[in-house]
Amino acid sequence: MRLLTIGAFAREASLTPRALRLYDESGLLAPAAVDPDSGYRFYEPAQVERARLIAGLRRIGMPLPEIKTVAALPPASVAAAVNAYWQAETARSETRARQVALLLSDLSRGDTTMSEITIRYATRCATGSVRETNQDAAFASADVLAVADGGGGPAGAAASAAAVAALSGTPSLATLAATIDEVDRAWRGKAITTLTAIVRKGTQLALVHIGDTRAYLLRNGELSQLTHDHTWVQQEVDHGKLALAEAAAHPQRALLVRALGGGPQPVEADLALRTALPGDRYLLCSDGLSAIVDRLSLHETLTAVPDPDTAAQRLLDLALEAGAPDNIACVVADFVLA
Ligand SMILES: [Mn+2]
């Protein structure tokens, strides 16, 4: 068999020896032989086709790991793989173009991005199949999303309603903490409530959280839980004293270690600042949903149902189908380009 030196092979394939060394080091194209003394690489003429394919894929900007996958495909499947890559790339670049447009308008017009990103939302709040009263609350407007889960006696419903109402007047981001303090003081000794809420100023979001209501974010197909439950079992998990699986099945799993009105000390709220991106979908919900409907079903429903109202109803239906032992509150909100 006639072997070509790296220089001759590079000329055949219209590539540089340097590119060939890179392909070798990346595991894309190994030389047919390497001289053990000099380290010179030698290639078979039949390798030219693969070298040209790799070069072509590099020219269209495909990352090396993906080239490795595509170059290993049977020749008949390569065209389809390149087409799939290009479609995904086009979609990514369209998303980037939208984000660049948003950023530019943000930079040129200060805080007037409110008109660029708009929000579509839906809420559901239901008693469920077992409880006699509904102590959950849900609220949504263009500026505020909130869920709360009241307890600690018959006044629980009033406490959760008061918590979301306190935010519905859209406190500024600066006065958010003071608003939370007021609700906390007002209910101390009377009732307790959780609160998970997002207050929005344009693309700036403040996420405030106390208790075991939750916020999730669906972004780029991934569902993230943004909040940390303030429950005794979660605290035990955090301290390494309880396994996550034990926590989910624990009889005391609903016991809160932080709640508005819980006293005697002023409540410590979790606060986080986030940026809304077009395409983001937020879910806020009470444990009547998150403890009853598994995460995979939440993820699937939020991914599969484009309309927020239909998605919120579907989530409520899932909880009802699962027996709905607790009250259920949820808010689904989409950030979209205006
Ligand atoms: Mn509950």
Side-chain angles (χ1 to χ4, degrees), residues 122-140 145-167 180 183-184 187-188 190-198 207-216 225-237 244 246-263 267 269-270 282-295 297-298 301-302 312-332:
T123 67
R124 290 294 185 278
C125 190
T127 307
S129 311
V130 175
R131 298 282 170 89
E132 292 191 345
T133 58
N134 188 353
Q135 302 200 319
D136 280 5
F139 176 85
L145 313 168
V147 293
D149 181 345
S160 63
V164 300
L167 292 189
I180 298 299
V183 176
D184 182 41
W187 289 91
R188 206 167 294 162
K190 299 181 188 127
I192 60 166
T193 183
T194 73
L195 177 66
T196 299
I198 287 172
L207 171 63
V208 57
H209 167 68
I210 305 119
D212 66 348
T213 33
R214 289 182 176 180
Y216 293 88
Q225 184 181 329
L226 302 179
T227 52
H228 197 69
D229 290 348
H230 299 143
T231 54
W232 179 79
V233 289
Q234 184 62 52
Q235 186 174 273
E236 292 294 286
V237 170
L244 205 56
E246 291 176 284
H250 200 282
Q252 299 297 319
R253 67 180 176 275
L255 190 65
L256 296 174
V257 291
R258 279 197 240 170
L260 287 169
V267 76
D270 289 347
Y282 281 86
L283 167 67
L284 273 49
C285 68
S286 64
D287 65 333
L289 180 68
S290 59
I292 305 306
V293 177
D294 63 54
R295 190 193 166 95
S297 305
L298 294 180
T301 304
L302 290 168
Q313 183 61 44
R314 181 70 195 129
L315 292 174
L316 174 58
D317 290 345
L318 285 174
L320 293 170
E321 285 160 20
D326 194 3
N327 305 148
I328 302 131
C330 70
V331 175
V332 175

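What you are looking at is a predicted structure, and each value in this text was computed from that prediction instead of being measured. Both ligands and their constituent atoms are indexed starting at 1 by order of listing.
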From CA spacing to verdict: salt bridge (Lys or Arg N to Asp or Glu O under 4.0 Å), Asp270, Arg258
CA-CA 10 Å; Asp270 289 347; Arg258 279 197 240 170; 3.1 Å; yes
Enumerate the protein N/O/S atoms at a distance below 2.8 Å from the Mn ion (ligand 1), ignoring waters.
Asp149 OD2, Asp287 OD1, Asp326 OD2
Sort out for me which residue in Thr213, Thr231, Val147 forms a side chain to side chain contact (heavy atoms under 4.5 Å, CB included) with Thr194.
Thr213
Check: Leu255 and Val233 side chains under 4.5 Å, non-hydrogen atoms
no
Contacts of Ala159 meeting side-chain contact (heavy atoms from CB on, under 4.5 Å) (sequence neighbours excluded), chain-then-number -> Trp187, Ala191, Thr193
Which residues pass the salt bridge (Lys or Arg N to Asp or Glu O under 4.0 Å) test with Asp326, sequence neighbours left out?
Arg131
Side-chain donor/acceptor pairs under 3.5 Å, residues 314-322, sequence neighbours excluded:
{"from": "Arg314", "atom 1": "NH1", "to": "Glu321", "atom 2": "OE2", "distance (Å)": "3.4"}
{"from": "Asp317", "atom 1": "OD1", "to": "Gln313", "atom 2": "NE2", "distance (Å)": "2.9"}

